[in-house]
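To start, the structure itself, in C-alpha coordinates.
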Amino acid sequence: MLNAQQGTLDKINIAIDGPAGAGKSTVARQVAKKLSYVYVDTGAMYRAVTWFMMGHGISASDTDRVLGAMKELHIELIPGELTQQVIVNGEDVTSYIRTNEISQHASSYAKIGPLRSVLVDMQRQMAASKGVVMDGRDIGTHVLPQAELKIFLTASVEERAQRRYQEIKDSQQITLEQLMHDIAARDRQDEQREISPLVCAEDAISLDTTSMNIDEVVDQIIDYCITKTDGAK
Ligand code: C5P
(Lines give C-alpha, C1' and ligand atoms only; values in the text may rest on other atoms or scores of the structure.)
Protein backbone atom coordinates (compact mmCIF):
# COMPACT_ATOMS: atom_id res chain seq x y z
CA MET A 1 0.00 0.00 0.00
CA LEU A 2 2.92 2.35 0.68
CA ASN A 3 4.43 3.94 -2.39
CA ALA A 4 8.14 3.74 -1.54
CA GLN A 5 9.23 6.43 -3.98
CA GLN A 6 6.73 9.03 -2.85
CA GLY A 7 6.30 7.81 0.73
CA THR A 8 2.53 8.13 0.32
CA LEU A 9 -0.37 5.71 0.29
CA ASP A 10 -1.73 4.82 -3.13
CA LYS A 11 -5.34 5.83 -3.03
CA ILE A 12 -8.19 4.09 -4.74
CA ASN A 13 -11.86 4.94 -5.19
CA ILE A 14 -14.44 2.91 -3.28
CA ALA A 15 -18.06 2.74 -4.51
CA ILE A 16 -20.71 1.71 -2.00
CA ASP A 17 -24.20 1.15 -3.40
CA GLY A 18 -27.36 -0.38 -2.03
CA PRO A 19 -30.98 0.28 -1.12
CA ALA A 20 -32.26 2.80 1.44
CA GLY A 21 -31.32 2.05 5.04
CA ALA A 22 -28.70 -0.61 4.28
CA GLY A 23 -26.20 1.37 6.36
CA LYS A 24 -24.28 2.83 3.42
CA SER A 25 -23.67 6.30 4.81
CA THR A 26 -22.61 5.20 8.31
CA VAL A 27 -20.32 2.53 6.88
CA ALA A 28 -18.92 4.74 4.10
CA ARG A 29 -18.19 7.58 6.53
CA GLN A 30 -16.30 5.26 8.89
CA VAL A 31 -14.36 3.57 6.09
CA ALA A 32 -13.36 7.02 4.79
CA LYS A 33 -12.28 8.12 8.25
CA LYS A 34 -10.14 5.02 8.82
CA LEU A 35 -8.42 5.42 5.46
CA SER A 36 -8.23 9.24 5.62
CA TYR A 37 -10.30 9.33 2.44
CA VAL A 38 -13.01 11.83 1.50
CA TYR A 39 -16.58 10.65 1.98
CA VAL A 40 -19.13 11.71 -0.65
CA ASP A 41 -22.81 11.06 0.08
CA THR A 42 -24.51 11.32 -3.33
CA GLY A 43 -27.96 10.74 -1.82
CA ALA A 44 -27.51 14.10 -0.06
CA MET A 45 -27.20 15.75 -3.49
CA TYR A 46 -30.52 14.27 -4.69
CA ARG A 47 -32.06 15.27 -1.37
CA ALA A 48 -30.70 18.83 -1.70
CA VAL A 49 -32.25 19.12 -5.17
CA THR A 50 -35.55 17.76 -3.79
CA TRP A 51 -35.53 20.22 -0.90
CA PHE A 52 -34.91 23.12 -3.29
CA MET A 53 -37.56 22.08 -5.83
CA MET A 54 -40.22 21.39 -3.19
CA GLY A 55 -39.45 24.71 -1.50
CA HIS A 56 -40.06 26.46 -4.84
CA GLY A 57 -43.23 24.50 -5.54
CA ILE A 58 -41.69 22.74 -8.55
CA SER A 59 -43.14 19.28 -9.04
CA ALA A 60 -40.99 16.38 -10.26
CA SER A 61 -43.49 15.88 -13.09
CA ASP A 62 -42.71 19.36 -14.47
CA THR A 63 -39.38 18.36 -16.00
CA ASP A 64 -38.85 21.65 -17.87
CA ARG A 65 -39.21 23.73 -14.72
CA VAL A 66 -37.00 21.31 -12.77
CA LEU A 67 -34.24 21.57 -15.36
CA GLY A 68 -34.61 25.36 -15.58
CA ALA A 69 -34.32 25.61 -11.80
CA MET A 70 -31.20 23.40 -11.80
CA LYS A 71 -29.40 26.35 -13.43
CA GLU A 72 -30.15 28.44 -10.32
CA LEU A 73 -28.97 25.74 -7.95
CA HIS A 74 -25.50 25.55 -6.47
CA ILE A 75 -24.75 22.57 -4.21
CA GLU A 76 -21.64 22.29 -2.06
CA LEU A 77 -20.66 19.29 0.03
CA ILE A 78 -18.30 20.07 2.89
CA PRO A 79 -16.74 16.97 4.47
CA GLY A 80 -16.87 16.99 8.30
CA GLU A 81 -15.97 14.71 11.21
CA LEU A 82 -19.47 13.46 11.99
CA THR A 83 -21.52 14.52 9.03
CA GLN A 84 -21.06 15.98 5.60
CA GLN A 85 -22.44 19.53 5.47
CA VAL A 86 -24.74 20.25 2.55
CA ILE A 87 -24.97 23.84 1.35
CA VAL A 88 -27.56 24.97 -1.21
CA ASN A 89 -27.04 28.46 -2.63
CA GLY A 90 -25.13 29.42 0.49
CA GLU A 91 -27.70 28.01 2.95
CA ASP A 92 -26.82 25.09 5.24
CA VAL A 93 -29.59 22.54 4.57
CA THR A 94 -27.87 19.54 6.23
CA SER A 95 -30.66 18.92 8.73
CA TYR A 96 -33.59 19.93 6.47
CA ILE A 97 -32.88 17.22 3.87
CA ARG A 98 -33.18 14.27 6.27
CA THR A 99 -36.96 14.30 6.78
CA ASN A 100 -39.10 11.36 5.71
CA GLU A 101 -40.95 13.70 3.33
CA ILE A 102 -37.75 14.49 1.44
CA SER A 103 -36.81 10.77 1.44
CA GLN A 104 -40.12 9.91 -0.16
CA HIS A 105 -39.96 12.57 -2.88
CA ALA A 106 -36.27 12.28 -3.76
CA SER A 107 -36.71 9.20 -5.95
CA SER A 108 -39.23 11.07 -8.13
CA TYR A 109 -36.69 13.81 -8.96
CA ALA A 110 -33.92 11.20 -9.23
CA LYS A 111 -35.73 9.69 -12.23
CA ILE A 112 -35.03 12.75 -14.38
CA GLY A 113 -32.12 11.87 -16.69
CA PRO A 114 -30.68 15.35 -17.41
CA LEU A 115 -30.84 16.19 -13.68
CA ARG A 116 -28.86 13.03 -12.94
CA SER A 117 -26.27 14.03 -15.57
CA VAL A 118 -25.59 17.33 -13.79
CA LEU A 119 -25.08 15.59 -10.45
CA VAL A 120 -23.05 12.72 -11.94
CA ASP A 121 -20.62 15.24 -13.52
CA MET A 122 -20.10 16.84 -10.10
CA GLN A 123 -19.60 13.41 -8.50
CA ARG A 124 -16.99 12.38 -11.07
CA GLN A 125 -15.08 15.62 -10.51
CA MET A 126 -15.05 14.96 -6.76
CA ALA A 127 -13.53 11.52 -7.34
CA ALA A 128 -11.02 12.58 -10.00
CA SER A 129 -7.99 12.61 -7.68
CA LYS A 130 -8.91 9.28 -6.02
CA GLY A 131 -9.11 8.64 -2.29
CA VAL A 132 -12.89 8.89 -2.27
CA VAL A 133 -15.53 6.68 -0.66
CA MET A 134 -18.74 7.46 -2.51
CA ASP A 135 -22.12 6.02 -1.65
CA GLY A 136 -25.35 5.97 -3.64
CA ARG A 137 -27.34 3.77 -5.99
CA ASP A 138 -25.40 3.93 -9.28
CA ILE A 139 -21.82 4.62 -8.22
CA GLY A 140 -20.33 1.25 -9.21
CA THR A 141 -22.48 0.87 -12.32
CA HIS A 142 -22.49 4.38 -13.75
CA VAL A 143 -20.74 7.19 -11.84
CA LEU A 144 -17.41 5.43 -11.23
CA PRO A 145 -17.45 2.21 -13.26
CA GLN A 146 -13.63 2.13 -12.91
CA ALA A 147 -13.72 2.28 -9.09
CA GLU A 148 -11.13 -0.16 -7.80
CA LEU A 149 -13.43 -1.50 -5.07
CA LYS A 150 -17.20 -1.82 -5.36
CA ILE A 151 -19.43 -2.90 -2.51
CA PHE A 152 -23.18 -3.55 -2.70
CA LEU A 153 -24.73 -3.41 0.78
CA THR A 154 -28.09 -5.01 1.42
CA ALA A 155 -30.24 -5.97 4.40
CA SER A 156 -33.84 -7.15 4.75
CA VAL A 157 -36.59 -4.51 4.52
CA GLU A 158 -37.56 -5.25 8.16
CA GLU A 159 -33.99 -4.69 9.38
CA ARG A 160 -33.56 -1.52 7.34
CA ALA A 161 -36.85 -0.07 8.60
CA GLN A 162 -35.91 -0.95 12.17
CA ARG A 163 -32.56 0.83 11.84
CA ARG A 164 -34.16 3.95 10.34
CA TYR A 165 -36.85 3.89 13.06
CA GLN A 166 -34.24 3.87 15.83
CA GLU A 167 -32.53 6.84 14.14
CA ILE A 168 -35.57 9.08 13.73
CA LYS A 169 -38.21 7.94 16.25
CA ASP A 170 -37.40 10.74 18.71
CA SER A 171 -37.47 13.52 16.15
CA GLN A 172 -40.14 12.44 13.64
CA GLN A 173 -43.66 11.11 14.10
CA ILE A 174 -43.69 7.85 12.16
CA THR A 175 -44.43 4.20 12.90
CA LEU A 176 -42.24 1.23 12.07
CA GLU A 177 -44.96 -0.12 9.76
CA GLN A 178 -45.09 3.16 7.83
CA LEU A 179 -41.30 3.13 7.48
CA MET A 180 -41.33 -0.44 6.16
CA HIS A 181 -43.94 0.54 3.62
CA ASP A 182 -42.01 3.69 2.60
CA ILE A 183 -38.68 1.87 2.27
CA ALA A 184 -40.23 -0.88 0.13
CA ALA A 185 -41.84 1.77 -2.10
CA ARG A 186 -38.52 3.62 -2.44
CA ASP A 187 -36.74 0.34 -3.33
CA ARG A 188 -39.30 -0.23 -6.09
CA GLN A 189 -38.88 3.28 -7.51
CA ASP A 190 -35.06 3.09 -7.41
CA GLU A 191 -34.89 -0.43 -8.86
CA GLN A 192 -37.45 0.08 -11.60
CA ARG A 193 -36.49 3.48 -13.00
CA GLU A 194 -35.20 3.50 -16.56
CA ILE A 195 -32.04 5.54 -16.02
CA SER A 196 -29.31 4.18 -13.73
CA PRO A 197 -31.57 1.89 -11.70
CA LEU A 198 -30.39 0.46 -8.41
CA VAL A 199 -28.61 -2.75 -9.36
CA CYS A 200 -25.55 -4.59 -8.09
CA ALA A 201 -22.61 -4.06 -10.48
CA GLU A 202 -21.28 -7.30 -11.95
CA ASP A 203 -17.89 -6.76 -10.36
CA ALA A 204 -19.22 -5.59 -6.96
CA ILE A 205 -18.89 -7.54 -3.74
CA SER A 206 -22.34 -8.03 -2.26
CA LEU A 207 -22.58 -7.85 1.55
CA ASP A 208 -25.81 -8.72 3.37
CA THR A 209 -25.58 -6.76 6.62
CA THR A 210 -28.84 -8.01 8.19
CA SER A 211 -27.01 -9.75 10.99
CA MET A 212 -23.77 -7.76 10.97
CA ASN A 213 -22.98 -4.74 13.09
CA ILE A 214 -21.40 -1.56 11.69
CA ASP A 215 -17.89 -2.37 12.92
CA GLU A 216 -17.96 -5.78 11.27
CA VAL A 217 -19.04 -4.29 7.95
CA VAL A 218 -16.43 -1.51 8.14
CA ASP A 219 -13.62 -3.97 9.01
CA GLN A 220 -14.65 -6.25 6.17
CA ILE A 221 -14.50 -3.38 3.66
CA ILE A 222 -11.13 -2.20 4.98
CA ASP A 223 -9.84 -5.78 4.50
CA TYR A 224 -11.08 -5.79 0.91
CA CYS A 225 -9.41 -2.43 0.38
CA ILE A 226 -6.06 -3.63 1.76
CA THR A 227 -6.25 -6.72 -0.45
CA LYS A 228 -6.94 -4.52 -3.50
CA THR A 229 -4.19 -1.97 -2.84
CA ASP A 230 -1.58 -4.57 -1.82
CA GLY A 231 -2.59 -6.84 -4.67
CA ALA A 232 -1.99 -4.02 -7.14
CA LYS A 233 1.73 -3.93 -6.23
O1 C5P B 1 -29.11 7.55 -0.13
P2 C5P B 1 -30.37 8.34 0.17
O3 C5P B 1 -31.45 7.53 0.79
O4 C5P B 1 -30.08 9.58 0.93
O5 C5P B 1 -30.89 8.80 -1.28
C6 C5P B 1 -32.11 9.48 -1.46
C7 C5P B 1 -32.67 9.15 -2.84
O8 C5P B 1 -31.81 9.73 -3.84
C9 C5P B 1 -32.74 7.66 -3.18
O10 C5P B 1 -33.94 7.05 -2.78
C11 C5P B 1 -32.60 7.66 -4.69
O12 C5P B 1 -33.85 7.85 -5.32
C13 C5P B 1 -31.76 8.88 -4.98
N14 C5P B 1 -30.37 8.54 -5.28
C15 C5P B 1 -30.07 8.15 -6.57
N16 C5P B 1 -28.78 7.92 -6.93
C17 C5P B 1 -27.79 8.04 -6.04
C18 C5P B 1 -28.07 8.41 -4.70
C19 C5P B 1 -29.39 8.63 -4.35
O20 C5P B 1 -30.96 8.01 -7.40
N21 C5P B 1 -26.52 7.85 -6.43
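Counting starts at 1 for both ligands and their atoms, in listed order. Just so you know, these numbers use all the heavy atoms, side chains as well, and skip hydrogens, waters and symmetry mates.
Few gaps surround CD on Glu91; more than 12 heavy atoms of other groups in view lie less than 6.0 Å from it. Sparse packing is recorded around CD of Glu202, with 12 or fewer heavy atoms of other residues, nucleotides or ligands lying under 6.0 Å away.
A donor-acceptor contact closer than 3.5 angstrom is absent between the side chains of Tyr37 and Asn13. There is no side-chain donor-acceptor pair under 3.5 Å between Gln220 and Glu216.
Between Asp135 and ligand 1, not a single N/O pair is under 3.5 Å apart. Inclusion of Thr42 in the set of residues having an N or O under 3.5 Å from an N or O of ligand 1 is warranted.
Between Arg116 and Asp138 there is a salt bridge, since at least one side-chain N of the basic residue sits less than 4.0 Å from a carboxylate O of the acidic one. The pair Glu167-Arg163 fails the salt-bridge criterion, with no side-chain N (NZ, NE, NH1 or NH2) lying under 4.0 Å from an Asp/Glu carboxylate O. Here Lys228 does not pair with Asp10 in a salt bridge; the nearest charged N to carboxylate O distance is not below 4.0 Å.
Near Arg116, with a cut-off below 4.0 Å to any heavy atom, the atoms of ligand 1 are 15 (C), 16 (N), 20 (O). The atoms of ligand 1 that sit less than 4.0 Å from any heavy atom of Asp190 are 9 (C), 10 (O), 11 (C), 12 (O). Under a 4.0 Å criterion applied to the non-hydrogen atoms of Ala106, ligand 1 contributes the atoms 7 (C). Ligand-side atoms of ligand 1 in range of Ala110: 12 (O), 13 (C), 20 (O), range being under 4.0 angstrom from any heavy atom. Heavy-atom contacts of Gly43 reach the following atoms of ligand 1: 1 (O), 2 (P), 4 (O), 5 (O), 18 (C), 19 (C) (cutoff under 4.0 Å).
Between Gln123 and ligand 1 there is no heavy-atom distance shorter than 4.0 Å.
Among Gln189, Arg186, Gln104, Arg193, the residue whose heavy atom sits closest to atom 3 (O) of ligand 1 is Arg186. Of the options Arg137, Lys111, Lys24, Arg47, the smallest heavy-atom separation from atom 4 (O) of ligand 1 is shown by Arg47.
Side chain of Lys150 to main chain of Thr141: no donor-acceptor pair is present (N/O by atom type, distance under 3.5 Å, no hydrogens or angles).
Counting only heavy atoms of the protein, atom 21 (N) of ligand 1 lies nearest to Asp138 OD1, 2.8 Å. Tyr46 CD1, 3.6 Å is the protein heavy atom nearest to atom 14 (N) of ligand 1.
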